[in-house]
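Please read the structure below before turning to the comments.
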Amino acid sequence: MSYREEKYLSFKKSDAIPKLDYLKNMSGDELKELFLEVLYDGIHGFCFSLYEEGQKPGDVITIDQIVKRISIISKHSDWVRSFSCTDGNELIPKVAKNAGLKTLVGAWLGSDKEKNRLEIDNLVKLAKEGLVDVAAVGNEVLYRDDLSEDELLEYIEEVKEQLPDIPVGYVDAYYEFVQRPKITDACEIILCNCYPYWEGTDIKDSFQHMRQMYYQVKNVANGKRVMISETGWPNKGDSLGNAVPTQQNAMIYFINTFLWANDEDVEVFYFSSFDESWKISSEGEVGAYWGIWDKTGKLKY
């Protein structure tokens, strides 16, 4: 994903917020050791990267492929997040549950109403089968301008009515929940994406920035549960403003994120689990390098 510059909300540097600058002074080996310590201690959740080399959204994925990747991330995570309920994505929650993971399951909504109906119906079906812990009705629909706010609200209300015992929310950039109170009010759980990289933030300020994104949402959530549904840092590709994708920066961001998340009991899904080459077409080279594991399933750090 990427953010529109005119939508950015204010970010203020503050010496009162710890920057964990000591990470910048670590040797490469020391940084890798700390990264592995955080990873093997376990994190809240990973966004599930479904597609292997040569695959893209719309391709139908087999259960064997899902089992292989879930078996890797389940050793290091309590939750997994899926993005769709069609084309094989509907198999992810079952495999995840069999591996002992909790699930944030998303219905992918767009401008195709027939496809939206299939996504919603499948999400409800999976939930009624006991495979959904949190239901996400749409992902960045407002950011892409695929649906109006009113159309999205109708889908959210429909799913809430059909799933009274499961938290129902919507995923989008953090600022959408600040600027769209109707959406925030409709959600039973707030699912916000927080990406300092896409706002051109230097790695030394990225932790502060991500934390401020989260608390801007907390401040308008009216006491509702807030999850960071996506955050991450790429290790390769073009820089964006002061945001530079390197292996060192990606490890620093991961470590900062989960040391903070553990300290403050924040639920964070890291984006992403595996590199996916198809993203180059929409995000440039950097789109293919957000994973903790590479496209073959090898741990990168």
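Here the side chain of D275 pairs a donor or acceptor atom with the backbone of G291 at under 3.5 angstrom. Distance alone, capped at 3.5 Å, is enough to place a donor-acceptor pair between the D133 side chain and the T103 backbone. A donor-acceptor contact shorter than 3.5 Å is absent between the side chain of W198 and the backbone of C194. Judged by distance alone, the side chain of Q55 and the main-chain N or O of E52 form a donor-acceptor pair under 3.5 Å.
Taking K236 as the reference, nothing meets the salt bridge (charged side-chain N to carboxylate O under 4.0 Å, His left out) condition, with sequence neighbours excluded. Every side-chain contact (heavy atoms from CB on, under 4.5 Å) that T246 has, sequence neighbours left out, goes to V244, Q248, N249.
Atoms CG and CG, from L31 and L36 in turn, are 10.0 Å apart once rounded to the nearest 0.5 Å. Between the CD1 atom in I92 and the CG atom in L50 there is a gap of 5.0 Å [rounded to 0.5 Å]. The OH atom of Y143 sits 6.0 Å away from atom OH of Y175, with the distance rounded to the nearest 0.5 Å. Atoms CG and CZ, from L142 and R180 in turn, are 4.5 Å apart once rounded to the nearest 0.5 Å.
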(request) Under the ring pair (Phe, Tyr, Trp, His ring centres under 6.0 Å) rule, what do W233 and Y197 come out as? Steps first, then yes or no, please. (result) CA-CA 6 Å; W233 197 277; Y197 173 84; 5.4 Å; yes

(message) Determine whether K160 and E157 satisfy the following criterion, salt bridge (Lys or Arg N to Asp or Glu O under 4.0 Å), listing intermediate values before the conclusion.
(response) CA-CA 5 Å; K160 284 166 59 179; E157 293 300 333; 3.3 Å; yes

(request) Test salt bridge (Lys or Arg N to Asp or Glu O under 4.0 Å) on K182 and D185 and set out the steps. (result) CA-CA 5 Å; K182 289 183 180 179; D185 289 345; over 6 Å; no

(request) Please assess S148 against D150 for the test side-chain hydrogen bond (donor to acceptor under 3.5 Å, both in side chains), listing each intermediate value before the final yes or no. (result) CA-CA 5 Å; S148 70; D150 286 342; 5.4 Å; no

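The aromatic rings of W278 and Y51 lie perpendicular to each other, with more than 60° between the two planes, well past the 30° mark. Relative orientation of the F254 and F35 rings is tilted, given thresholds of 30° and 60° on the angle between their planes. Using bins of under 30°, 30° to 60° and over 60° for the plane-to-plane angle, the ring pair H76/W293 lands in the tilted bin.
For S206 and T201, the side-chain atoms include no donor-acceptor pair closer than 3.5 Å.
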Got a list of side-chain donor-acceptor pairs under 3.5 Å for residues 123-130, not counting sequence neighbours?
from, atom 1, to, atom 2, distance (Å)
K125, NZ, E129, OE2, 2.8

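Checking M210, M213, Q212, K218 one by one against Y174, the side-chain contact (heavy atoms from CB on, under 4.5 Å) holds for a single residue, M213. Among the candidates W290, Y214, Y253, the single residue satisfying the ring pair (Phe, Tyr, Trp, His ring centres under 6.0 Å) test with Y195 is W290.
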